[in-house]
2 protein chains.
Amino acid sequence: MSVIDLSNLPFPGNNLRSFLDSVCEEHELDFAAYAGMDPIAQTIHGFVNYPDEWQTRYVSEGFQHRDPALLLASRSIAPVDWQRLRGESTFQDIFRAASDHGISEQGLTVPVRGPYGDVGLFSVTRNCSDREWGLLKSKILGGLQTAAVHLHDNVIQSHSLNRKLNHPSLSARELEILQWIAAGKSQQDVGDILSISNRTVEVHLRSGRSKLGALTTPQAVGRAIGLGLIHPS
Amino acid sequence: MSVIDLSNLPFPGNNLRSFLDSVCEEHELDFAAYAGMDPIAQTIHGFVNYPDEWQTRYVSEGFQHRDPALLLASRSIAPVDWQRLRGESTFQDIFRAASDHGISEQGLTVPVRGPYGDVGLFSVTRNCSDREWGLLKSKILGGLQTAAVHLHDNVIQSHSLNRKLNHPSLSARELEILQWIAAGKSQQDVGDILSISNRTVEVHLRSGRSKLGALTTPQAVGRAIGLGLIHPS
DNA sequence: CGGACCCTACGGGATTCCCCGTATAGCAGT
DNA sequence: ACTGCTATACGGGGAATCCCGTAGGGTCCG
């Protein structure tokens, strides 16, 4: 999974990095970070207002691939309080490293999903006691949720990113065939159903795989489902 | 798409219908409605605190399939203010019908997505002027967002719980292998990765397919993803 | 202790899929 | 008009999968 730094990209009409700062200021937070995951391109892109050294270290040690806050939030609907992760050794490892750079153990990650399988993860931290954190959290949760939606919406809408994260567009025929394959039909079956040659079915399937960046048909089916292009049956 | 009324289903520890009422009370709203779309089962399920006659009419006329508020929000990341829809004739039709039952034109629909392509749509209405609505909206947007997440999370949790009860559970090995297959590995690859024979891999795959009621491996991968047993990659 | 699974492993034979091509025709954009 | 993409179709050859078995060792439970 490659990492794309969005912090220097021009965005239409606003600067998302400074938006992080204003969220921190408004809600009495220390740091904020946005990470967007593209499940197909296998990329993570983002921007933070963490100290530069921590950001560098985080990426260079590949923390974004095993950070339990990101992993859990990327599979969750509701926000994930980092308190839930304290038992996990991976979290403890990353937190020990983070505390060297002044980042607190108190944090929260809000997931936001778009219609194409894209996930935005908005994390904030604040150095304070558990009790203070609990009070603060309930007070600002709505605002964080709104900020997360705003961030992810802007990132996904932005043209410059859409070029980087171009979602594969399968032809109607390719989708149709992939849908039948996902329904358990063989290539021959599909050919009979659609009244075309099984060889032609295989051609469409091949080009579908290629567009999805999949090595095998099962993987292509999985990705297409993950993108909402087809449905399991 | 069939319609499932969840309003009478028992939920663990809380009543979602009364949650709608409390959201209305807290935020000075007239009505609130939750609609969940399941792209796999092709169903819409939901519950509302609209007047019964309106609810009945809405469903009987199939409004849920063409309501522009739902359609737009289901493709959006950010909340959709119904003001944006005033130009659309479909919206005007539905609103004319709604106003017969005391529902205002002033409304908002908040979309929330889960990891499996599921979408929750939380709508609220308030009878007031455009200016009042603008002020109210900015004040309660965060709370609505939080409420929407809470609703959808609860519905999905209980829904997937139901599905897990009804579906056979795959062994850890079977899931592990299916996950690698979904990641584009061949049976031989998986055997090498797990240091077992490729024939053994095939055995697990076979039994996984059988448990999922799938005729082919691509179908099994699709179903496993649809059930949330594995993730696309 | 005897089933009931699960994990492991191997084999033969049939089927299917995948990769490499070639080829025509239509349709859309520039 | 040329270029590019899509849909259609065909074929050979090799690789992979799938289906039918057998079989020993492990765990868990009644």
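Just so we're on the same page: letters track the sequence lines, and every chain starts at 1.
- Shortest non-hydrogen contact noted between A:Gln219 and B:Gly184 is OE1-CA, 3.2 Å.
- A:Leu212 approaches A:Ala224 most closely through the heavy-atom pair CD1-CB, 4.2 Å.
- Proximity of A:Ser197 to the phosphate of D:dC10: a side-chain N or O atom is located under 4.0 Å from OP1 or OP2.
- Note: CD1 (A:Ile196) to C1' (D:dA9) measures 10 Å, nearest angstrom.
- With no hydrogens or angles considered, a side-chain donor-acceptor pair links B:Asp130 and B:Gln106 at under 3.5 Å.
- In this structure, the separation between CZ on A:Arg75 and NE2 on B:His231 is 3.5 Å, given to the nearest 0.5 Å.
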Interface polar pairs with nucleotides 3-7 of chain D, N/O, under 3.5 angstrom:
residue, atom, partner, partner atom, Å
D:dT6, OP1, A:Lys211, NZ, 3.1
D:dA7, OP1, A:Ser171, OG, 2.9
D:dA7, OP1, A:Arg173, N, 3.4
D:dA7, OP2, A:Ser171, OG, 2.5

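- Between A:Arg199 and A:Glu202, no side-chain nitrogen of the basic residue sits less than 4.0 Å from a carboxylate oxygen of the acidic one, so the salt-bridge criterion is not met.
- A salt bridge links A:Arg57 to A:Asp100: one of the charged nitrogens lies within less than 4.0 Å of a carboxylate oxygen.
- Side chain to side chain, A:Arg209 and A:Thr216 fail the donor-acceptor criterion of an N or O pair below 3.5 Å.
- Two rings, from B:Phe47 and B:Tyr34, have their centers less than 6.0 Å apart.
- A:Trp82 CH2: more than 12 foreign heavy atoms inside a 6.0 Å radius.
- Salt bridge annotation for A:Arg113-A:Asp118: absent, with no cationic side-chain nitrogen under 4.0 angstrom from a carboxylate oxygen.
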Table of protein N/O atoms under 3.5 Å from nucleotides 24-30 of chain D N/O atoms:
none

Anything under 3.5 Å between a protein N or O and an N or O of nucleotides 14-20 of chain C, put it in a table, one pair a line.
residue, atom, partner, partner atom, Å
C:dC17, OP1, A:Gln187, N, 3.1
C:dC17, OP2, A:Gln187, N, 3.2
C:dC18, OP1, A:Thr217, OG1, 2.8
C:dC18, OP2, A:Gln187, NE2, 3.0
C:dC18, OP2, A:Arg209, NH1, 3.3
C:dC18, OP2, A:Thr217, OG1, 3.2
C:dC19, OP2, A:Arg209, NH2, 2.9
C:dC20, N4, A:Arg206, NH2, 2.7

